[in-house]
Amino acid sequence: MTLPLRLVTSAVALAILLNGCRPEPREAVIGLALQPADRNIGAARLAESTLADEAGPGDISIRLVLDTTIRDRDAESELLRARSMLALPALAGVVGHSSSRGALAAAPFYDSAGVPVLTAIATSRLLRQSGPAVFQLPPDDSVQGAFIGRFVHEGLHAFSAAVLYQNDEYGMGLRDGILAALRGRGVVVTQSMPFSIRSDLDVLTRAALAGQRLDVLIVAGRADQVADVATAARDVAPRAAVVAGDAPEWPELVAQVEPVVLSRLYLTSLWLYPPGDSLADDFVTRFRQASHREPEPYDALTYDAVMLLGRGIREVGPSPRRLMRWLRSAGTEHPAIRLVTGEFPPSGPRDAHLRMTQWRDGAAVLAWPR
Amino acid sequence: MKASRSGLTLHALVLMGVATIVVYFIGFAVFLTFRVTPQAIGLPRRTAPVLVFFEQLSQRNALIESSMLVARQAIADGSVGRMDSLARAIADKDLQRSLFLSDVPLNLRSTMANSERLEGEIETQLVEIAALMALRRLDEARARMRAVDSLHSDFANEVVSSEREGFAEMNDMQMELADAVGSTISAMLAWVALGALLVLITTGIVRRRAARPLAELDRALTAVAEGDLNVRIPVLYDDEMGELSAHFNVMTEVLRARAEEQGRFAAAGQLIAGIAHEVNNPLMAIAAVARTRLDAGDLDQEVEAELRQIRRQAQRAGRLLSGLLRFVRSDPGTAAVTDINQVVDAAVDLVSYRFGVDEIVLELALEPNLPVVAGSPARLEQVFVNLISNATDAMIHAPRPRILEIATWERGGVVGASVSDRGGGVAEDMKARLFLPFATTKGTEGTGLGLYISRQVVRDAGGDLAYRDLGKGSCFEVRLPVLTAAAPAKPPAMPGRSPLAKPLDGLHILLVDDELAVRSPIARFLRRRGADVTEAADGLVALEMIRQHPPAVIVADLRMPRMDGVELCARIAQDFPALADRIVILSGDLSQLGGQLPVPAHLVLAKPVELDEIERAILEVGERLQA
């Protein structure tokens with residue numbers, strides 16, 4: 001081989017070697033695709049702090065970044081939020097978005113970029129079909145809907161029910177699960193009505209309950225919508241129970257609904273603090289200290305989402321593609337990861353951690369299953 | 001000749017060339033695939049979801065409009081049931097959202113989400129209208145209808161906006177494809193230019209590394225075929241062609257050396273033949289004088305013995321010279337009836353001078369009455385000379401006794417002759433190459449052709465030459481088929497002396513020879529035998545004598561000044577045709593006749609010739625005369 005050819009070959013080999021030996025960056029960023037006003041941001045920061053405490057010498061340092069300039073929740077804002085996340089340097093993964101609609105709208109962005117996004121709150125079952133980059137922590141609305149249907153039949157022993165649902169991915173997803181569960185158990189569904197944030201829920205509720213002997217009124221909506229429906233139902237069907245999905249939070253409802261209405265209200269909870277679980281105990285203790293309130297399910301889920309990504313980064317490094325592969329292979333190529341709200345991926349029934357709660361004595365208590 | 005440059009081997013160059021071609025075409029295909037195909041495939045793939053989205057929007061718009069129409073009519077009619085049916089239809093609608101079309105371009109997704117939000121709002125408003133109508137609150141229902149109209153207007157604007165953005169997106173995709181095609185064409189031209197450059201480079205390399213060296217080789221081979229062994233090929237590169245060139249140069253060098261050697265041999269042969277020819281006359285004179293004196297009788301016993309010794313040694317010298325002449329002259333290899341025993345004897349005579357010096361003990365075991373074979377005696381004699389010489393060489397350093405065994409036999413229709421020595425044998429690595437050309441153990445002193453030619457000669461005669469390892473020594477065996485066809489009789493034996501005291505009585509013989517030392521004793525012998533002999537020193541004198549007094553028989557030498565034997569024969573045939581068949585030719589070098597014998601072959605006698613043989617030939621001519 002002539003000398004020039006040798007030199008060229010050696011240079012190419014050296015370049016390849018150097019590229020392979022290039023040291024990995026020692027910092028990783030987890031994006032928070034949440035609204036600045038979201039209450040679960042505190043849980044995310046708590047997770048960031050926990051990861052920092054757990055870090056050993058040489059471990060990659062993990063930082064959370066939230067874009068506080070985008071404040072709205074509409075589709076366009078969610079897309080902007082996604083673009084903002086993807087522009088972050090050293091981005092390894094994203095936790096968010098706040099809603100199923102936002103997560104669905106933004107999913108193609110993450111797929112194109114090859115960045116994993118972990119949804120802590122969005123429950124639309126369509127997220128599972130939205131691309132390989134989207135990972136869902138809580139059980140989806142079809143599981144929740146079936147759980148609610150089971151509760152209505154087995155817990156409340158209802159014969160008839162009406163369903164009011166928000167006319168979006170969340171509401172319609174719950175509706176489908178609920179209707180399938182109810183019809184499968186022989187519960188008569190008297191009404192199935194969509195509503196929007198502008199709807200007059202008093203009208204819709206009265207119309208739904210007019211002339212009906214109703215055992216249960218199921219509401220798939222947010223807190224204020226549940227409050228409006230429950231309040232309207234008190235007048236028309238005072239004996240009917242009102243069952244809601246996971247979207248509303250007890251503190252919000254407590255502030256809006258009268259105690260008498262509250263007593264007939266059931267909320268689906270994605271997680272209920274089980275004392276005795278070491279991880280949960282540690283989380284709850286630290287959360288109380290940091291936030292001065294009890295953690296809600298979305299707090300625990302958001303905390304778990306950040307911790308999950310953090311542990312993945314510590315194991316496989318800050319590369320988004322490697323992190324995505326690690327998440328996909330959890331439970332097969334490496335063990336499932338134990339979290340506050342359960343395992344990832346879940347090994348048992350998908351609704352194993354779902355709880356139906358009621359408000360008693362100033363706190364949310366387990367109503368079903370006992 | 002060392003290569004002027006080291007470089008890649010041709011093999012490596014070919015591999016690189018093939019690899020370059022493969023990479024070029026694969027690269028071309030990959031380039032096209034990745035340059036144009038994504039856009040070409042992407043265009044329909046990316047536009048399809050947009051078109052589906054538009055179609056769905058259009059369908060939803062139509063559905064909304066029809067729903068609104070139903071709602072207006074229901075409100076106008078106060079038809080609660082119809083409204084209720086509409087509400088149920090809306091409520092039962094499946095969760096179908098364009099938002100879930102993941103292939104919709106990213107810039108359309110915002111518009112898509114807004115339009116779907118508005119659609120949802122319209123639907124829920126219609127459901128509310130149904131609820132209000134169920135509650136008999138028609139005025140509120142009508143008011144809601146106006147809100148629905150406003151929402152529908154927003155929806156329609158979103159649809160228009162979606163379409164505008166969608167068509168802009170598709171236009172952008174088409175532009176991308178057009179740009180890709182355009183830049184691909186430019187890149188293709190560059191790629192083609194690169195290909196042309198590669199072709200030029202490859203052509204140059206092929207020409208420099210293969211075509212030119214091959215042309216040189218062809219030129220050199222042609223020159224060698226035309227006889228020029230001095231041609232050399234320059235060794236330019238240290239590759240296969242360079243090796244070939246180097247081998248060619250070595251080959252021509254070897255051939256040149258061999259040719260020079262052959263030339264020296266040929267020249268030596270010519271010289272030897274010339275010398276032998278010149279020595280033949282004095283030898284014949286010595287033998288003839290001795291014979292003449294012995295025939296005269298009345299000699300002292302001692303003198304007689306010495307004369308006989310002189311005659312014997314002269315005859316022996318003559319036989320040696322004859323054998324030498326036969327050996328060095330090229331023989332066309334005409335097959336003749338051959339007695340192998342005689343051939344072996346002649347070969348031994350030629351080589352026997354070495355036996356004393358090298359202390360070789362010869363053991364001959366020649367089978368008597370050996371059947372004849374067909375072959376060239378001269379060439380077969382060369383074979384045995386070669387075998388005996390090799391055997392002698394093999395025993396030079398062998399311990400004594402150095403026994404050389406030569407045997408002949410006949411078995412099963414095959415005549416065999418073996419030459420065996422007690423030397424060191426043939427080395428293992430030489431055995432396989434023994435009969436190949438240029439295989440020699442004698443370094444530069446040997447041509448390496450002896451055994452190769454010997455075997456060829458024997459095979460030409462229908463037999464074969466084989467080697468047998470004796471363990472301590474070697475044995476070479478010649479096998480030839482017995483000549484069983486109607487063959488001429490064996491060569492006539494040497495004529496004995498005529499029983500008559502003067503068998504040539506009364507015969508007028510003209511003796512023509514320029515050498516007095518040869519002519520005188522022959523003349524005296526012939527006179528003693530009763531012939532009337534006249535002598536001439538050359539052809540011209542002989543012609544004159546013939547004119548004056550035609551002889552009965554003419555005995556003439558071949559090489560004479562002024563007019564040699566061939567010209568004399570021609571002149572006699574022309575001027576004295578009756579005498580044309582009465583000529584006996586004496587010649588020291590028959591090869592000079594070139595196969596064109598002026599007289600019948602049995603009347604051509606090779607010097608040194610016995611006087612009795614001259615008498616026999618003359619008697620034969622005389623008998624024909626009488627007949």
Side-chain angles (χ1 to χ4, degrees), chain A residues 1-2 5 74-80 82-83 100-109 111-112 124-127 129-131 134 141 163-176 179 189 191-211, chain B residues 5-9 12 16 49 80 83-84 87-137 140-141 143-144 147-148 151 158:
Chain A
M1 198 185 283
T2 59
L5 194 58
D74 59 283
E76 190 146 5
S77 298
E78 296 288 2
L79 296 180
L80 285 173
R83 282 198 172 116
S100 294
R101 170 173 288 270
L104 283 168
F109 284 88
D111 283 334
S112 300
S124 172
R125 67 184 180 279
L126 296 172
L127 283 169
Q129 307 159 18
S130 59
V134 178
D141 46 25
V163 180
L164 275 69
Y165 61 94
Q166 186 154 1
N167 198 16
D168 63 5
E169 286 70 28
Y170 168 72
M172 292 174 82
L174 273 188
R175 175 206 71 180
D176 291 342
L179 289 180
V189 178
Q191 280 281 7
S192 176
M193 276 189 177
F195 61 82
S196 68
I197 57 175
R198 297 183 191 176
S199 295
D200 187 337
L201 287 166
D202 182 72
V203 167
L204 289 178
T205 308
R206 289 177 189 279
L209 298 176
Chain B
R5 275 175 279 189
S6 67
L8 290 171
T9 63
M16 278 175 61
V80 175
M83 200 62 215
D84 190 54
R88 286 185 186 277
I90 291 171
D92 289 341
K93 202 172 75 172
D94 280 338
L95 182 61
Q96 284 180 358
R97 289 284 190 260
S98 297
L99 202 63
F100 311 139
L101 289 176
S102 59
D103 290 336
V104 173
L106 298 174
N107 62 339
L108 276 181
R109 298 189 77 81
S110 174
T111 311
M112 188 167 59
N114 287 338
S115 63
E116 289 179 350
R117 179 183 59 77
L118 285 167
E119 182 187 0
E121 287 285 345
I122 292 171
E123 287 172 348
T124 55
Q125 291 294 318
L126 289 174
V127 169
E128 265 190 58
I129 291 172
L132 286 170
M133 287 185 68
L135 295 172
R136 303 290 179 196
R137 289 154 67 168
E140 289 178 65
R144 286 295 164 83
V148 169
L151 283 171
E158 286 294 332

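Every chain is numbered from 1 and lettered A, B, ... according to where its sequence line falls, protein lines coming before strand lines. These numbers were taken from a predicted model, which means no experiment stands behind them.
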Checking A:Ile197 against B:Glu121 for the side chain to side chain contact (heavy atoms under 4.5 Å, CB included) test, could you report, in this order, the C-alpha distance in whole Å, the side-chain angles of both residues, the deciding distance, and whether it holds?
CA-CA 8 Å; A:Ile197 57 175; B:Glu121 287 285 345; 3.9 Å; yes
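B:Glu119 CD to A:Asn167 CG: the interatomic distance, rounded to the nearest 0.5 Å, is 8.0 Å. Distance check: A:Arg101 CZ to B:Glu116 CD gives 6.0 Å after rounding to the nearest 0.5 Å. Taking CG of A:Leu204 as the reference point, atom CG of B:Leu135 lies at 9.0 Å (rounded to 0.5 Å). To the nearest 0.5 Å, atoms CD (B:Gln125) and OG (A:Ser196) are separated by 5.5 Å.
Interface residue B:Leu151: only side-chain heavy atoms are found under 4.5 Å from chain A.
Contact record, A:Ser199 with B:Thr124: OG-CB, 3.7 Å, taken as the closest heavy-atom pair.
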